[in-house]
K.L.:
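Before anything else, here's the structure in question.
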Amino acid sequence: MIHHPASRTRRLGLPGLSTGDRVATALARRLDDDYHWFRTVSPGGIEPIDAVIVGPGGTWTITMAGERGRFTRRNGHWYRWNRDTDSWIPWDAAPLTAARLAGRRLSLYLERAGLPPQVDPVLLPATDMEVVPHPGEPIGLVVERSHDRVADLVSADSRLSRGQVDRIVALLDPRQPLPRLAQATPNG
């Protein structure tokens, strides 16, 4: 399902979806209706997140940003390839930091709401950005240009129950009706 801030909900899996969002359209071809797509969400007043995917495979933030060029991480520092000097120069990894922080903000928000707090951040850069960390250099997010590979990644494992997905969706889109929750006590 695609959730629009100012409109009613639409199914993610419908063919010919005309949302104007090419990422959502590309993912709609690969993901079924158990997955929910939110574009530009800011739950609880947190800084806006480009996109969020929620489904049985978990909760994922998608940041669509980037810079042109080749980037690497070595010895805990980021570098950018300078074609003029044929060397690596220090680089402020602002797009990667923004993507990691989007995931962290949503994780904290879900944790405060008593929901599963695991959020996996993804940076979906332009096609002319290449990020290659050295082996053993964790970067804390996934950098992936292919929409098909993002869909495969999001749907690879089953980590959330249907009820957890429904509660996260209701939290991110308050216009959605809350699912019925089981009663805490018999006849209560």
K.L.:
Give the minimum heavy-atom separation between A65 and L123, together with the two atoms involved.
P.N.:
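The answer is O-CD1, 3.6 Å.
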K.L.:
Is there a donor-acceptor contact under 3.5 Å from the side chain of R80 to the main chain of F71?
P.N.:
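Side chain of R80 to backbone of F71, a donor-acceptor pair under 3.5 Å: no, none is there.
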K.L.:
Kindly compute the distance separating CZ (R29) from NE2 (H147), expressed to the nearest 0.5 Å.
P.N.:
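The NE2 atom of H147 is 9.0 Å from CZ of R29, to the nearest 0.5 Å.
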K.L.:
Any heavy-atom pair between the side chains of Y79 and W91 that's under 4.5 Å?
P.N.:
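They are not in contact (no side-chain heavy atoms under 4.5 Å apart), so the answer is no.
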K.L.:
Does a side-chain heavy-atom distance below 4.5 Å link H77 with P90?
P.N.:
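Of all side-chain heavy-atom pairs linking P90 with H77, none is under 4.5 Å.
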K.L.:
Using a 3.5 Å distance criterion without hydrogens, assess whether the side chain of S107 forms a donor-acceptor pair with backbone atoms of G103.
P.N.:
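Here the side-chain-to-backbone pair does not exist.
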K.L.:
If you look at every heavy atom in T61 and A102, which pair is closest and at what distance?
P.N.:
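Closest heavy-atom pair between T61 and A102: CG2-O, 3.9 Å.
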K.L.:
Quick one: does any side-chain atom of R104 pair with a main-chain N or O of P121 as donor and acceptor, under 3.5 Å?
P.N.:
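Such a contact is absent between R104 side chain and P121 backbone.
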K.L.:
Can you measure from CG (L101) to CG (L108) and round to the nearest 0.5 angstrom?
P.N.:
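Going from CG on L101 over to CG on L108, the span is 10.0 Å.
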K.L.:
Supply the atom-to-atom distance I49 CD1 to T63 OG1, rounded to the nearest 0.5 angstrom.
P.N.:
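It comes to 8.0 Å.
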K.L.:
What pair of heavy atoms forms the shortest contact from V131 to M129, and how long is it?
P.N.:
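Result for this residue pair: CG2-CE, 3.7 Å.
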K.L.:
Identify whether M64 and V122 are in the same connected component of the hydrophobic contact network (ILVMFWY, side-chain heavy atoms under 4.5 Å).
P.N.:
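Yes, same cluster.
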K.L.:
Nearest 0.5 Å please: distance from the CG atom of L153 over to the CG atom of D148.
P.N.:
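These two atoms lie 12.5 Å from each other.
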K.L.:
To the nearest 0.5 Å, how far apart are CD1 in I62 and CD1 in I53?
P.N.:
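Rounded to the nearest 0.5 Å, the CD1-CD1 separation comes out at 4.0 Å.
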K.L.:
Taking all non-hydrogen atoms of both residues into account, name the closest pair between P56 and Y35 and its distance.
P.N.:
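Residues P56 and Y35, closest heavy atoms: CD-CZ, 3.7 Å.
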K.L.:
Would you find more than 12 non-hydrogen atoms of other residues, nucleotides or ligands less than 6.0 Å from R162 atom CZ?
P.N.:
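No, not enclosed.
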K.L.:
To the nearest 0.5 angstrom, please state how far the OG1 atom of T97 sits from the CZ atom of R100.
P.N.:
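Answer for the OG1-CZ pair, T97 versus R100, is 4.5 Å.
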K.L.:
I need the minimum non-hydrogen distance between L172 and P43, along with the two atoms involved.
P.N.:
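Nearest heavy atoms, L172 then P43: CD2-CG, 3.6 Å.
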K.L.:
Check whether any side-chain N or O of D32 sits under 3.5 Å from a backbone N or O of D34 as a donor-acceptor pair, and report yes or no.
P.N.:
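Confirmed, D32 side chain pairs with D34 backbone.
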K.L.:
So, do D120 and R159 sit near enough that their side-chain heavy atoms are less than 4.5 Å apart?
P.N.:
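Heavy-atom side-chain distance check passes, below 4.5 Å.
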K.L.:
Under the 3.5 angstrom rule, does the side chain of E137 hit a backbone N or O of N75 as a donor-acceptor pair?
P.N.:
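Yes, because the side chain of E137 sits within donor-acceptor range (under 3.5 Å) of the backbone of N75.
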